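Reading through the structure tokens given below for one structure.
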Amino acid sequence: MYTMLRSRVSDCPTKIPRPGTPAGAPPGQRRHALVQVLLVCLSVLLPLGLFGWTAFGERQQAMQDAGHSADRTIAVLHEHAARVLETNELVLSEVMRQTEGRSWDEIGRDSRLWTYLLRVAADLGQPTDITLADATGRVRMTTTRFPAARDDSLAGQEDFAALRRRQSWTHVAVLPETALTPRQITLSRRRVAADGSFDGILRIGLPVSQLSAFWARYAPNTRYVVTLVRSDGRVVTRWPSATLPEWVSTDGLLLRSALVQRDGHFAGISGIDGVERVSAFSQVRDYPLHLVFSVEKTAVLQEWRERVTLLGLYTMLAAAALLGMALMTVRQYREQRQDSGRWREMAEQLAAESARREQAEAALRRAQTLEAVGQLTAGVAHDFNNLLQAIRSGLFLLAPRVPEASRKVVDASLQAVDRGAKLVRQLMVFSRREALQPRPVDPRALIAGVGELLQKAVGAPVAIETAIAPDIAAAMVDPTQAELAVLNLAINARDAMPQGGTLTIGARNARLAAPQGAAPAGDYVVLSVADTGIGMLPEVLERVLEPFFTTKAVGKGTGLGLSMVHGFVTGSGGDMQIESRPGIGTTVSLWLPRAEAPALPEERPAQQARAAAGGAGCSLLLVDDDALARLATAAALREMGHEVAEARDGEEALIVLGQRRDLRVVVTDYAMPQMNGAELALAVRRQWPALPVIMITGYAAGLPGGKPLGVRALLRKPFRMEELDGAVRSAAGLEAVA
């Protein structure tokens, strides 16, 4: 076969016409010759190209599989290391409990405590050293001997100095190998005196072999390396390794990646031994320790090289076969043209599919833009609520000191705070971050409430008329969003009547015998906004509910008004209908669910009764990371007769609670760094189950899952100080102040 193919290839220059055919050859013959030459070339180049593409893809897949394998391995190693460290943390907690409230002299003489520590160290399964040192660094008890030598001291060691400076609650350090002890990882915890001062440390040291013995299953030889390094670059241990550096650079590839994210993987040259490896890393729980599993790149690509070699042999055979087939196929030009037609048809289908994908991508980009706007709005709303709370608390403190003639200014300021809170809710509904809060609403009161604002919004050229049925029922909607919907529709109607016209707002009762759009069958209240404007063409009417679609000039509209109204109506369980005729006008009908109960009058916050300051209060702890809101709220609570202790975050709150037994209530914010309010509430419930927790939050959207476990009451910022005072007094079992 090889001889036959070689003879055919050698015959190509004479049998296949080239582009340089005699000048007398017809154009069709020259094109035929060019097609034949191209087919012969492609029969060789195509397999080679496929081979290169496949080899590259296989190589990328091998590296990707190595990364996934390293991720799975590091997960196992992380779980083991976390269990070991957490077990030793539990031992420290138990030792702390055993020695709590005891003097160092009593601890140093307690042989029963020493025997207990020996038994605990033996139960850990490895030679473990448990050491207790007082505030001067003198070792008062150690499992290595009893009693401890008077000259044993931890004063100059890293963990003692760090805990004395209160840099952390639990400190992780490394003790180098000595003639008597192996290399150890130490976990040290700060001991606090009754007055909150530093009173020594408790340390437990575990040999690094306790970890490396487990690592040997996953790193059996030097091609695989497991490294445990601290966040500041201190190398705890490395397995297997002939040389163990004490430090690695924080600017190196490992720590540069590990300090940015908790876990992940990377490929690069090791800064320790210069070997190129594929590595996966993970931070061990919340400890400042990073575990790294690495495999040499040569080991990863060894199997790939074997596959590529075999693939190359197959490619050569395939190229030879394709070359023979091409030499036979070039003689059938007519059939080739038919095949070319089929290829053109497939190309057209591909172009159509590409166009569909472009449309889908455009829709996705619009959705992502709306989501980004929503996230930004939610963040701004949260911070704005904190500012409103600080303002409200400050006004509460100033109100008793303001002359009666200026009281109207304070009341107006409080109304402005309420309007700001209402604006935040509108922003959150716009960003789809807050669930609607429907209640029975009288359509007459709703339209009357926005009447003055409507007249200012539409201007003098537009006449406003109402058509409200006498027997109109109450609608079950969110009143704030219903007002916003009417305003949006009125502004759209004004823009549709540039020369003036009539805007008619109507309300009537209706019943649906069958489902209509998103609305099920039932009783409804229909709010309608009709104009005598220019109307819309059918192709425009089909797209009016798309976000960011607008027919207005640049700077005159965002295209979000109707989509927001539609989202409000469907979220309320109703439906929206639009009827429009060019040159006649547009009518938008909002089908809103009818309320079973009558509408209630709207509560006016500025007219609420104010709690009297100076009543007998209780001792409470206020936890809030926002210093401005915490300062104002604490001052207001003190004004109302309470004794207030303050904390910036959850960890500081737990320290204060451990020191003060007179606190009767905990008032905590939800959004705080490291430990949020829900986590703090659970911690308080575990340690002090009888201590009630009141949560305050600036999230207008509410908390995930509603009120967290262990929380007595939940107040949303900006709340009135009377509400917080009532919640505190109720939680503390005090009598409410009128």
Side-chain angles (χ1 to χ4, degrees), residues 52 55-78 80-81 158 172-178 182-185 207-284 287-309:
F56 177 79
E58 287 279 342
R59 187 181 188 279
Q60 295 296 102
Q61 186 64 41
M63 295 296 293
Q64 185 177 359
D65 292 343
H68 293 331
S69 177
D71 287 341
R72 292 191 296 270
T73 303
I74 201 65
V76 176
L77 300 180
H78 170 273
H80 172 262
E158 173 190 350
V172 181
V174 181
L175 292 180
E177 183 178 1
T178 64
R183 189 178 182 86
Q184 294 182 348
I185 308 174
V208 296
S209 59
Q210 189 171 355
L211 297 174
S212 58
F214 180 80
W215 295 349
R217 307 177 190 176
Y218 300 91
N221 53 55
T222 56
R223 288 191 166 189
Y224 306 87
V225 176
V226 183
T227 306
L228 184 62
V229 61
R230 206 165 59 180
S231 297
D232 60 353
R234 179 69 184 272
V235 178
V236 178
T237 185
R238 193 167 184 261
W239 172 272
S241 177
T243 59
L244 179 62
E246 288 297 326
W247 295 89
V248 295
S249 174
T250 55
D251 294 330
L253 184 59
L254 166 59
L255 286 180
R256 195 168 65 245
S257 303
L259 294 178
V260 173
Q261 56 187 21
R262 293 185 61 90
D263 48 53
H265 57 262
F266 62 90
I269 299 177
S270 171
I272 298 177
D273 53 14
V275 178
E276 188 174 8
R277 292 186 175 91
V278 176
S279 304
F281 62 90
S282 178
Q283 182 178 350
V284 182
Y287 298 100
L289 295 174
H290 304 275
L291 195 60
V292 187
F293 175 76
S294 306
V295 56
E296 290 184 6
K297 189 175 180 180
T298 55
V300 174
L301 297 180
Q302 181 177 356
E303 185 178 352
W304 169 79
R305 292 190 185 93
E306 296 174 359
R307 291 199 304 269
V308 168
T309 302

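Note that the structure is predicted; figures quoted are calculated from it, not measured.
Put simply, the side chain of Leu301 reaches to within 4.5 Å of the side chain of Arg59, judged on heavy atoms. Residues Phe281 and Gln261 have side chains in contact (heavy-atom distance under 4.5 Å, counting atoms from C-beta outward). Using a 4.5 Å heavy-atom cutoff, the side chains of Phe266 and Leu254 are in contact. In this structure, the side chains of Asp263 and Ile74 stay at 4.5 Å or more apart for every pair of heavy atoms.
The distance from atom NE2 of His78 to atom CZ of Phe293, rounded to the nearest 0.5 Å, is 16.0 Å. Expressed to the nearest 0.5 Å, how far CD of Gln61 lies from NE2 of His68 amounts to 7.0 Å.
Evaluation of the side chain to side chain contact (heavy atoms under 4.5 Å, CB included) rule for Glu177 yields Arg183 as partners, not counting sequence neighbours. Not counting sequence neighbours, the partners of Arg307 by the salt bridge (Lys or Arg N to Asp or Glu O under 4.0 Å) test are Glu58, Glu303. With sequence neighbours left out, Ser270 forms a side chain to side chain contact (heavy atoms under 4.5 Å, CB included) with Arg238, Ile272, Asp273, Arg277. With sequence neighbours left out, the side chain to side chain contact (heavy atoms under 4.5 Å, CB included) criterion links Ser231 to Leu259, Pro288, His290. Qualifying side chain to side chain donor-acceptor pair (under 3.5 Å) partners for Ser69, counting only residues two or more places apart in sequence or in other chains: none.
Here the closest non-hydrogen pair linking Gly67 and His265 is O-ND1, 4.3 Å. Nearest heavy atom pair, residue Val174 against residue Arg230, reads N-NH1, 4.5 Å. Residues Arg305 and Thr298 approach most closely at NH1-O, 3.7 Å, considering heavy atoms. Across all their heavy atoms, Gly233 and Leu255 have their closest contact at CA-CD1, 3.5 Å. Taking each heavy atom of Ser279 and Val292 in turn, the nearest pair found is CB-CG1, 4.0 Å. Minimum heavy-atom separation, Leu253 to Gly268: CD2-CA, 3.8 Å.
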Name every donor-acceptor pair, under 3.5 Å, that has one atom in a side chain of residues 212-226 and the other anywhere in the protein, sequence neighbours excluded.
| from | atom 1 | to | atom 2 | distance (Å) |
| --- | --- | --- | --- | --- |
| Ser212 | OG | Val208 | O | 3.4 |
| Asn221 | OD1 | Arg223 | N | 3.0 |
| Arg223 | NH1 | Gln302 | OE1 | 3.1 |

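Ion pair Asp232/Arg234 not flagged as a salt bridge, since none of the NZ, NE, NH1 or NH2 atoms sits closer than 4.0 Å to an Asp/Glu carboxylate oxygen.
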Practice item. In sequence, state the C-alpha distance, the side-chain angles, and the governing distance for Ile185 and Leu228, and then conclude on side-chain contact (heavy atoms from CB on, under 4.5 Å). Key: CA-CA 11 Å; Ile185 308 174; Leu228 184 62; 3.9 Å; yes
